Amino acid sequence: MTEAPPFVLSLRSVHREYGDGDATVKALDGVSLDIRQGEFVAFMGPSGSGKSTCLNVLGCLDPPTAGTYTFLGRDVSKLNAEQRALLRRHWLGFVFQSFNLLPRTSALENVELPLVYQGVGASERTKRAREALAVVGLAAWAHHLPNELSGGQQQRVAMARAIVAQPAVLFADEPTGNLDTTKSHEIAKLLSDLNQTRALTIVMVTHEEEMATYASRIVRFRDGRIERDEARTP
């Protein structure tokens, strides 16, 4: 009998609140969730449902107000800001709706950036960045600036930057939000390919049902809670 992959991400009764007193907003209200290594999970729900807040907690961008978050068995909820930053730098990759590329820097140099922060030497940085660009189909565009690339190509550069450090988890927050339908499907397909060929654990926030169909599991949020958690065949 094949043993199930281990949990990479685990939340237990996690709350995330903003504001004080009567102005307090419960963005997450007692969320418990486990994500196994190699899963591709889509978070869905209306605006204000808690899906992006949950991604931010999992991505160590926001600490939980209460509850426990463990990453590969380590209690992240007890880490300070510097420790969370180190975890992000070495273990997590991020893709956002806005591509967040440095405008006067080539695609290659943009992809190298996480490796600079890790202290990787110049020749190794360049080698790994070229490999990452090849994975996303942009090897020939390495020396182009962002304004010389289409929106879909810019998002591919952002994805190469997210995977160049070989993260344990890739977080994608509305990665197709600024793209047309054709380019959106290309990006979602690329995420699916990364998940399947590299067994990369992916958590994606999306408003679009079409994009969620590329995931192997959909977690639906409402009012800061998980409303439904369903496995599917992408």
Side-chain angles (χ1 to χ4, degrees), residues 1-17 26-45 49-96 114 159 162-163 165-175 188 191-206 211-222 224-234:
M1 184 174 179
T2 303
E3 186 175 344
F7 293 131
V8 179
L9 311 167
S10 292
L11 302 178
R12 288 292 175 272
S13 301
V14 164
H15 295 255
R16 183 63 173 114
E17 298 179 353
K26 291 185 177 182
L28 292 179
D29 189 12
V31 168
S32 293
L33 176 70
D34 293 311
I35 296 176
R36 291 190 183 275
Q37 180 182 333
E39 282 197 281
F40 182 177
V41 183
F43 287 177
M44 297 199 72
S49 62
K51 60 187 184 299
S52 289
T53 301
C54 190
L55 182 141
N56 289 341
V57 169
L58 291 170
C60 298
L61 299 171
D62 262 345
T65 305
T68 303
Y69 168 31
T70 56
F71 176 81
L72 291 173
R74 181 171 184 180
D75 190 347
V76 178
S77 49
K78 294 182 179 178
L79 300 183
N80 61 33
E82 183 178 354
Q83 291 169 323
R84 292 197 305 272
L86 285 171
L87 193 155
R88 288 195 303 271
R89 185 180 304 168
H90 292 279
W91 292 92
L92 308 179
F94 295 89
V95 179
F96 298 100
M159 290 176 67
I163 65 171
Q166 300 176 341
V169 183
L170 176 64
F171 295 101
D173 193 357
E174 297 283 1
L191 286 170
S192 179
D193 289 345
L194 288 169
N195 168 252
Q196 293 178 30
T197 61
R198 297 188 168 207
L200 179 60
T201 306
I202 298 176
V203 179
M204 175 179 70
V205 167
T206 182
M211 300 305 107
T213 62
Y214 287 87
S216 56
R217 178 180 168 195
I218 300 176
V219 178
R220 299 182 186 273
F221 286 80
R222 184 174 295 275
R225 300 177 180 179
I226 293 176
E227 182 180 50
R228 193 159 74 250
D229 186 344
E230 54 196 19
R232 60 174 312 282
T233 303

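The structure displayed is predicted, hence computed values, not measured ones.
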Is R198 close to I163 at the side-chain level, that is, under 4.5 Å between some pair of heavy atoms? yes

Does N56 form a side-chain contact (heavy atoms from CB on, under 4.5 Å) with R16? I'd like the steps, not just the answer. CA-CA 10 Å; N56 289 341; R16 183 63 173 114; over 6 Å; no

Can you name the side chain to side chain contact (heavy atoms under 4.5 Å, CB included) partners of A165, sequence neighbours left out? L115, Q118

Within the side chain of D75, is there an N or O that forms a donor-acceptor pair under 3.5 Å with the backbone of T70? no

Any side-chain heavy atom of R88 sitting closer than 4.5 Å to one from F94? yes

Taking all non-hydrogen atoms of both residues, which atom of Y214 and which atom of S192 are closest, and how far apart? O-OG, 4.0 Å

Distance flag, aromatic centroids of F221 and F43, threshold under 6.0 Å: yes

Could you tell me whether R89 atom CZ has more than 12 heavy atoms of other residues or ligands within 6.0 Å of it? yes

Flag side-chain contact, heavy atom, 4.5 Å: C54 against L11: yes

Let's go through M44 and V219 carefully: what are the C-alpha distance in whole Å and the side-chain angles of both, what is the deciding distance for side-chain contact (heavy atoms from CB on, under 4.5 Å) to 0.1 Å, and is it a yes or a no? CA-CA 6 Å; M44 297 199 72; V219 178; over 6 Å; no

Taking every heavy atom of N195 against every heavy atom of G38, the minimum-distance pair comes out as ND2-O, 2.9 Å

Pairs meeting criterion side chain to side chain donor-acceptor pair (under 3.5 Å) with involvement of residues 31-41, two or more places apart: S10-D34, R12-D34, E39-R217

Spacing of CG belonging to L191 relative to CG belonging to L170, to within rounding of 0.5 Å: 6.0 Å

How close do V205 and S52 get, counting heavy atoms only, and between which atoms? CG1-OG, 3.7 Å

Rounded to the nearest 0.5 Å, what's the gap from CZ on R220 to CD on E230? Could you check? 4.5 Å

Kindly give the heavy-atom pair with the smallest separation between L28 and G50, and that separation in Å. CD2-O, 3.4 Å

State, yes or no, whether a side-chain contact exists between V8 and I35 at a heavy-atom distance under 4.5 Å. no

Under the 3.5 angstrom rule, does the side chain of K51 hit a backbone N or O of G45 as a donor-acceptor pair? yes

T65 side chain to E17 backbone, donor-acceptor under 3.5 Å: yes

Apply side-chain contact (heavy atoms from CB on, under 4.5 Å) to the pair T201 and V169, showing each step before the final yes or no. CA-CA 5 Å; T201 306; V169 183; 4.2 Å; yes

Exam field: side chain R232 to backbone T213, donor-acceptor pair closer than 3.5 Å: yes

Just how far is it from atom CG of L58 to atom OG1 of T53, taken to the nearest 0.5 Å? 11.0 Å

Heavy atoms, side chains only, cut-off 4.5 Å: are L33 and D229 in contact? yes

The reported gap from CG in L9 to CZ in F171 (rounded to nearest 0.5 angstrom) is 5.0 Å

How long is the gap from CD1 on I202 to CE on M204, to the nearest 0.5 Å? 8.5 Å

So, for P167 and L200, which heavy atoms are closest and what is the spacing to 0.1 Å? O-CD1, 3.4 Å

Just wondering, do L87 and R74 contact through their side chains at under 4.5 Å, heavy atoms? no

Give the ring-plane orientation class for Y69 versus F71, where under 30° counts as parallel, over 60° as perpendicular and anything between as tilted. perpendicular

With rounding to the nearest 0.5 Å, note down the distance linking OG1 in T68 to NZ in K78. 7.0 Å

